Number of protein chains: 2
Amino acid sequence: MELTTPEPIHVECKRFSSVLSLIGDKWTVMIVLTLTERPRRFNDIKRTIGGISQQMLARTLRALERDGMVARTVHPTVPPQVEYALTALGRSLADPIRELGFWAGTNIAEIESNRLAFDEARDSLAA
Amino acid sequence: MELTTPEPIHVECKRFSSVLSLIGDKWTVMIVLTLTERPRRFNDIKRTIGGISQQMLARTLRALERDGMVARTVHPTVPPQVEYALTALGRSLADPIRELGFWAGTNIAEIESNRLAFDEARDSLAA
DNA sequence: CGGTATCCGACCTGATACTG
DNA sequence: CAGTATCAGGTCGGATACCG
């Protein structure tokens, strides 16, 4: 960060958008949080999360591996076992994610209530 | 949160996915951060962010208003002026977002380096 | 078991044009 | 100025089938 002039917040934000988009991907978040508990194998993750397709799990895990958030270990057995574990980097992401999860948990009721009220007001206009 | 049995983290995560998906939307994040500085008018936000289409700005602002994160105030002047300001809820979201931004800033260099290394290893196989 | 390749529909997004 | 409506392209994500 060699910012000599104080940049407005949204400019920093732009620089980090590739990282922030990780969070928007719900699968990424769920995988990271799932691996927080302990390392897991492919179908173990799949079963634990539930509702994720094989392809999306494979894709997301590869993306996480590429970013160095997840370490992939192949045990040359028959049948093959592949274990996924969080790296230090991956573990460090879990903290801010949990903060966000905490915020969501604190405010989700209010948000849902706001949505209902907004939609009601909208519908009464439409009628 | 009436969890009588300790739920695994990923289950909580699922409940919050509708909130978490807010974060993944880069426009949402940038708008919230932009409004952190001060309330702004429509085209002011548009110019400040840059690169956002009129439609996406309108849509995203509507969504934020629906969630109660942003308050929309119409001044009945000619030409009409519409001011958008963060609510208390919106301001409270800015904190965890900035934490995430801080994490991104701290680790983006390592992540990009990891990506390069991964792609290089991949390319050397392809060759 | 742990993937990859292909197809396909749904959604996201921007460009453009029009309105109050 | 502050939107809304319509269209078109691209991407996302799932289902399926197949490979090592």
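Side-chain atoms are counted along with the backbone in the values below, which use heavy atoms only and exclude waters and symmetry mates. Convention: sequence-line order gives letters A, B, ...; per-chain numbering from 1. Small disclaimer: the values here were computed from a predicted structure and weren't measured.
- For the residue pair A/Leu64 and A/Thr28, the shortest heavy atom distance occurs at CD2-CG2, 3.8 Å.
- Residues A/Phe42 and A/Val82 form no side-chain contact, since every pair of their non-hydrogen atoms from C-beta on lies 4.5 Å or further apart.
- Counting to the nearest Å, the P atom of D/dC1 and the CD atom of B/Gln81 are 10 Å from each other.
- Rounded to whole angstrom, the span from the CD1 atom of B/Ile31 across to the P atom of C/dT13 amounts to 11 Å.
- Taking only side-chain nitrogens and oxygens, A/Tyr84 never comes nearer than 4.0 Å to OP1 or OP2 of C/dC1.
- Each of A/Pro80 and A/Ser53 lies near DNA chain D, and the nucleotide nearest A/Ser53 is the one positioned closer to the 5' end.
- When rounded to the nearest whole Å, the span between CD of B/Gln55 and C1' of C/dC12 equals 10 Å.
- With the nearest nucleotide of DNA chain C identified for both A/Pro79 and A/Ala58, A/Pro79 has the one nearer the 5' end.
- The nucleotide whose nearest atom lies closest to any side-chain atom of B/Asn43 is, among D/dG3, D/dC1, C/dC1, D/dC1.
- For the residue pair A/Arg40/A/Thr48, the side-chain donor-acceptor check at 3.5 Å is satisfied.
- Scanning both residues, B/Ala94 and B/Thr36, for their nearest heavy atoms gives CB-OG1, 3.9 Å.
- Rounded to a whole Å, the CD atom of A/Glu83 is 14 Å from the C1' atom of C/dG2.
- When rounded to the nearest whole Å, the span between CZ of A/Arg72 and P of C/dC1 equals 16 Å.
- One atom, CD of A/Gln54, and another, C1' of C/dC7, lie 16 Å apart when rounded to the nearest Å.
- Following rounding to the nearest Å, A/Leu57 (CG) and C/dT4 (C1') show an atom-to-atom distance of 14 Å.
- Between B/Arg62 atom CZ and C/dT13 atom P the separation is 18 Å, expressed in whole Å.
- Within the nucleic acid shown, A/Arg59 comes within 4.0 Å of at least one base atom, counting heavy atoms only.
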